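Notes to accompany the following structure.
Everything quoted here is computed from the prediction, not taken from an experiment.
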Amino acid sequence: MSKIILIYFVSELRINKSIYKQKKYIFMQTHKLLLDTQKWTRKADRDKGEIGEISNRIIYHPVEITIEELATKVTQPYGQSWTTAYLIPTPRKDKTGNIVTNEKQEIVFTRQNEGWKSQSLFALDFDNTKNSIPITLDDVLNRIEFYGLNCTFAYNTFSNSESLPKFRVVFQTRQVVTDIYERQRIVDALHRLFPEADNTKEPARMFFGGRELIYTNYNYFLDLNLLTVAAKSEATSNSKNLSRDLTNLEQATQNDAKEYLENCVAVCVYENESYYINKYSESHFYTHEHTSLQEISWQHLKNKVKIIKDLELGKWLTYPEYFGLVTNLIHIKGGTQKYKKLVELMKKNNEYTEDWETALNVKPRFFEVLLNLPSIVKKYGYRPAKLKTFSPYEEDGKYNTLIQAAKTSSIIRTQPYTTISLSKAEKQFEKLLRNALKAKNNKVYVFKVATGLGKTRLIETLNSVVLAFPTHQLKEEVGESRMKITCEIIPELPTNIPEELKNRLSHLYKVGATTEASRIITQEADNYEELKKYRHQFIRGIESTSTVLTTHDKALFIDFPHLNTVVFDEDPINKLLSIGSITKNDLLKLKSNIRDKGDKNTIANLIKEIESSRTNCPLAMQPLVFNNYVDLSEEVINNSNDYEGKILEFFDSNFYTIDSHDTSVIHYIKKNKLPNKKVIILSATADRNFYEELVGNRLEFHDLSNVELKGIILQDSTYSFSRYSLKNSKCVEYALNQTKDYEAVITFAAYKSHFPNAVENMHIGNVLGYDGLKGKKIAIIGTPYHNHLMYALFAACLGVQYKASDFQMTDQTIERNGIQFNIKTYKNEGLRNIHLTLMEAELRQAIGRARLVREPGEVLLLSGLPLPEACISDEEKTEKRQQFEVNKAVANTESVSLLQLCLLDDESNVNEQSPVLSR
């Protein structure tokens, strides 16, 4: 087989491979357009008025039709006329601009460019009337196949003959185009690629039916990015000044598109409806912002990505492969020069072969087209193409782009991670905690301590303090089995009271009506013994002078008047910055149901302010003053089931924002204050920056988190392992293979079913209080990203300055915690710190289940966020593994020795009790 066949037909095979992938997801797509009802076996006669009749009739016959059905309808035995676009009937105007009416004074509608609404089909008409050498269908297919493109079907016109081919070529797009400017860009690109085609650029262009189908590929969808660069390549293949010609070409494209934009904002009246159509909006079809890579290891990249190895060897690739490579290489320092050098090498390897000569005969300047690719791709700012879309090697697809492949190994420790011994950390912690407990002030002492350092052990003997836990379960566990002193426990709402009462109280807590909940409990206590016990135990806890155990929530919102120190076990940041949501419907219901006109106006003004607000942009909640707050709160409380969110808490919030995905939803954040007494926070994840902003000069922060581990953490950042990344089957397959020998897997709740060894009662974001994995061999899979609105609301409360444009995450190389790495995050430093701090906290909470400070366990961390305490390179893993094996051996020896001592103790006890056995 000759090389020319490889050039033109390998791409066809690649396209068919792409079709196979598409068929997996899309089995049928319909297109909305106009299709005439009359059948034709010949070309319509203009002189007889037949074309005008078709034009007047077709505008009233929109259809939604599959591509196969359309191909059948436009060829024999039907031969129906059609438009590529969906058009709305537009009033006909005379030369003076007045709307034309008929004899019944009815508006006459017609098919006009102004009526264009949308389009997912495009067509080229080849009549060959202006071509000195007629272009054939084979010529068209050869050209588009060289650029890695194809068409969907083609048919002969009624005027076709052997000596003068006349045919139409049809293309379909996967997305429906609803922007007229985008539409004209696509049409212009097709005509740049085929200047031999007739001018069919008008949006309302009508195409006549024809004879027979001469080519079909119904599963092919036009690659718009590839089309654009192919059009520029073809139009500038003979250029002597590429930069100038590209600039001129772009200007010509814009001018051509704007010809159809000047009058495209029109109001069309049809069936008593008004449509504002085709309003111009700036095109985002070509340009995309992307962060470039400064330095990479080409040798490393070549070893990881097979298509790069082919390029380095000077192999002759297809145009789509070169294009995909160039979209990546222009974002890498030295990438353009490297590409041109290797394309020259390809020429050197092939220029004296028969295949090269054949290629030059078909497309004389195809080599120049390849050399010009970087200039064209740079000119239009393409972002890196995904490897799976252009590399012939399936294994290359495990990396999203060349940029990711180059960065995956680029996790570099820039500063050594220093640790302190467990014994030293324990002594420091005990001393600092003892000093904090003795102090008589209202400071906030935050101890960031390694999980397993023994904080729970130290608080088991604390007298006359409030001990606050994140969950009722953890509170009960410590209170019932671990406390070494007498204490009171603030109970959980009993479950064996009537369902209606329980739901009412639960909802009151949900909507923020804690005072009313307490009143109802007092009122109903005499009727239900369990509620009476609950109230009695609750009051006893509030009035206690000895230690009281409660939850984070109650420690923040209930005063314990006889206790001057509150100790939080774990970080209460999510309670201090409490995020909730309500719906606009909640506010409308409340406005409708209250009686005070002034309060109705207050809520109406708030609704109006919300409706006029920009989405995804936190706004400060202005204090609301109600004339009759009692009436308003009683409405919410007495009809609590009618309101979805914590509407009373919303009124007391600090910031709110509208969700762009659902503008009826209002998200808010309420900044709650720590008690105005001495506060001690014991956590492995507390952040100094957060608490400096929240408590200011009250803060005293101690970091004892960098404790030497008995266990080992192995970092693997081959993939991002975000929720989005785990949608990729290759990522899941990789994670399954890496974790198959691990005892337990902690991952996102939605992905637990993918992993047979996933922990049933734990997932990322919900691991606190679980202690069954210490010393085990466990894997953590995940890089937890959350909604932008969460970070935006946190930023608003923490005083971070930002612009709306800052809320665009991009791939960035950053340095954090003594490690340089790449991750998708914010450019704004304040937003980035919030994002990564919350992400680190969730990962550390999951890792903490293994208690690696005291236990020789092993944790495999599959995450795109490297932690400083993890082994991030092969060298570190080898070194730490040796020490880890020693720690395991020592632990096993200690266990055996302890067992022997226990047996000896048992034997001594038996001997002392039995003189006979003793002798």
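- Applying side chain to side chain contact (heavy atoms under 4.5 Å, CB included) to L632 and the options D596, N593, I603 leaves one that passes, I603.
- E644 approaches D586 most closely through the heavy-atom pair N-OD1, 3.1 Å.
- Between D806 and K803, at least one side-chain N (NZ, or NE/NH1/NH2) sits under 4.0 Å from a carboxylate O, which counts as a salt bridge.
- Atom OG of S118 and atom CD of Q175 lie 13.5 Å apart (nearest 0.5 Å).
- Taking the charged nitrogens against the carboxylate oxygens, R688 and D703 have no contact shorter than 4.0 Å, which rules out a salt bridge.
- Under the side chain to side chain donor-acceptor pair (under 3.5 Å) rule, H667 has a single partner from N616, T657, D659, which is D659.
- Under 4.0 Å is where a charged nitrogen must lie from a carboxylate oxygen, and between K670 and E649 no such pair does.
- Between D571 and Y691, the side chains place a donor N or O and an acceptor N or O closer than 3.5 Å (distance only, hydrogens not considered).
- Closest non-hydrogen pair, I490 versus G541, comes out as CD1-CA, 3.7 Å.
- With K671 contributing its side chain and C797 its backbone, the two residues share a donor-acceptor pair below 3.5 Å.
- Going from atom CD1 of I582 over to atom CD1 of I666 covers 4.5 Å, rounded to the nearest 0.5 Å.
- K443 places no side-chain N or O within 3.5 Å of a backbone atom of E700 that could act as its donor or acceptor partner.
- Taking 4.5 Å as the limit, some side-chain heavy atom of F538 sits within range of a side-chain heavy atom of I558.
- Summarising the geometry, atom CG belonging to D599 is positioned 6.0 Å from atom CZ belonging to F626; distances are rounded to the nearest 0.5 Å.
- Looking at heavy atoms from C-beta onward, Q812 lies in side-chain contact with K827 at the 4.5 angstrom threshold.
- Formation of a donor-acceptor pair under 3.5 Å by the R723 side chain with backbone atoms of P784 is not found in this model.
- Between F721 and Y719, the ring planes are perpendicular. Angles over 60° get that label, and only those under 30° would be called parallel.
- The shortest non-hydrogen separation linking L793 to I669 is O-CD1, 3.6 Å.
- Checked by atom type and distance alone, the side chain of K678 pairs as donor or acceptor with a backbone atom of A436 at under 3.5 Å.
- When the shell of 6.0 Å around NZ of K824 is examined, it contains 12 or fewer heavy atoms from other residues, nucleotides or ligands.
- Residues D569 and K455 form a side-chain contact, since some pair of their non-hydrogen atoms from C-beta on lies under 4.5 Å apart.
- Crowding of N697 atom CG: a count of heavy atoms from other residues, nucleotides or ligands under 6.0 Å not exceeding 12.
- The shortest non-hydrogen separation linking G830 to V800 is CA-CG1, 3.8 Å.
- With contacts defined as side-chain heavy-atom distances shorter than 4.5 Å, the pair M790/I579 qualifies.
- In this structure, Y629 has its ring center at least 6.0 angstrom away from the ring center of F651.
- Residue Q801 places its CD atom among 12 or fewer non-hydrogen atoms of other residues, nucleotides or ligands, all under 6.0 Å distant.
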Working for side chain to side chain contact (heavy atoms under 4.5 Å, CB included), residues Y656 and L619: CA-CA 5 Å; Y656 71 88; L619 297 173; 3.8 Å; yes
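- Using a 4.5 Å heavy-atom threshold, the side chains of F469 and T551 count as separate.
- At a threshold of 4.5 Å between non-hydrogen side-chain atoms, the residues V566 and F560 do not count as touching.
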Verdict with supporting geometry, S664 and D662, side chain to side chain donor-acceptor pair (under 3.5 Å): CA-CA 5 Å; S664 68; D662 184 353; 2.6 Å; yes
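- The pair D559-K677 counts as a salt bridge, with a side-chain nitrogen and a carboxylate oxygen less than 4.0 angstrom apart.
- Ring-plane geometry between F807 and H788 is classed as perpendicular, the angle between the planes exceeding 60 degrees on a 0 to 90 degree scale with a lower cut at 30.
- Remark: side-chain polar atoms of S633 are paired, donor with acceptor, to backbone N or O of V630 under 3.5 angstrom.
- Note that R832 lies outside the cation-pi zone of Y826, set by a 6.0 Å cut-off to the ring centre and a 45° limit from the axis.
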Derivation of the side chain to side chain contact (heavy atoms under 4.5 Å, CB included) call for F650 and M621: CA-CA 9 Å; F650 167 67; M621 183 70 160; 3.7 Å; yes
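- Heavy-atom contacts from other residues, nucleotides or ligands closer than 6.0 Å to CD of E829 number 12 or fewer.
- A donor-acceptor contact under 3.5 angstrom links the side chains of E635 and Y643, judged on distance only.
- Distance check, rounded to the nearest 0.5 Å: OG of S592 to CG of N585 gives 10.5 Å.
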Trace of the side chain to side chain contact (heavy atoms under 4.5 Å, CB included) decision for N496 with Y528: CA-CA 9 Å; N496 54 349; Y528 304 102; over 6 Å; no
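- Using a 4.0 Å cut-off between charged side-chain N and carboxylate O, K575 and D553 make a salt bridge.
- Residues I459 and T547 form no side-chain contact, since every pair of their non-hydrogen atoms from C-beta on lies 4.5 Å or further apart.
- For the pair K554 and V466, the minimum side-chain heavy-atom distance is 4.5 Å or more.
- For the residue pair T783 / S863, a side-chain donor-acceptor distance below 3.5 Å is found, with atom types taken as modelled.
- H472 and K475 are linked by a side-chain donor-acceptor pair at a separation below 3.5 angstrom, with hydrogens and angles left out of the test.
- The two residues E488 and S546 come nearest to each other via the heavy atoms CG-OG, 4.3 Å.
- Between the side chains of N442 and N676, at least one donor N or O lies within less than 3.5 Å of an accepting N or O.
- Residues R816 and E840 are paired through a salt bridge, judged by an N-O separation under 4.0 Å between the basic side chain and the carboxylate.
- Remark: the T825 side chain and the H835 side chain contain an N/O donor-acceptor pair separated by less than 3.5 Å.
- In this structure, OG1 in T663 is found 11.5 Å from CD1 in I610, a value given to the nearest 0.5 Å.
- Counting heavy atoms of neighbouring residues, nucleotides and ligands inside a 6.0 Å radius, atom CZ of R540 exceeds 12 of them.
- With hydrogens and angles disregarded, a donor-acceptor distance shorter than 3.5 Å links the side chain of T602 to the backbone of G598.
- With respect to the salt-bridge test (charged N to carboxylate O, under 4.0 angstrom), the residues E760 and K752 do not qualify.
- If you take OG1 on T685 and CG on L843, they are separated by 11.0 Å, rounding to the nearest 0.5 Å.
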Audit row: M483, L549, side chain to side chain contact (heavy atoms under 4.5 Å, CB included) steps and yes/no: CA-CA 10 Å; M483 290 301 292; L549 276 62; 4.1 Å; yes
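- When all heavy atoms of I489 and Q537 are compared, the pair lying nearest together is O-NE2, 2.8 Å.
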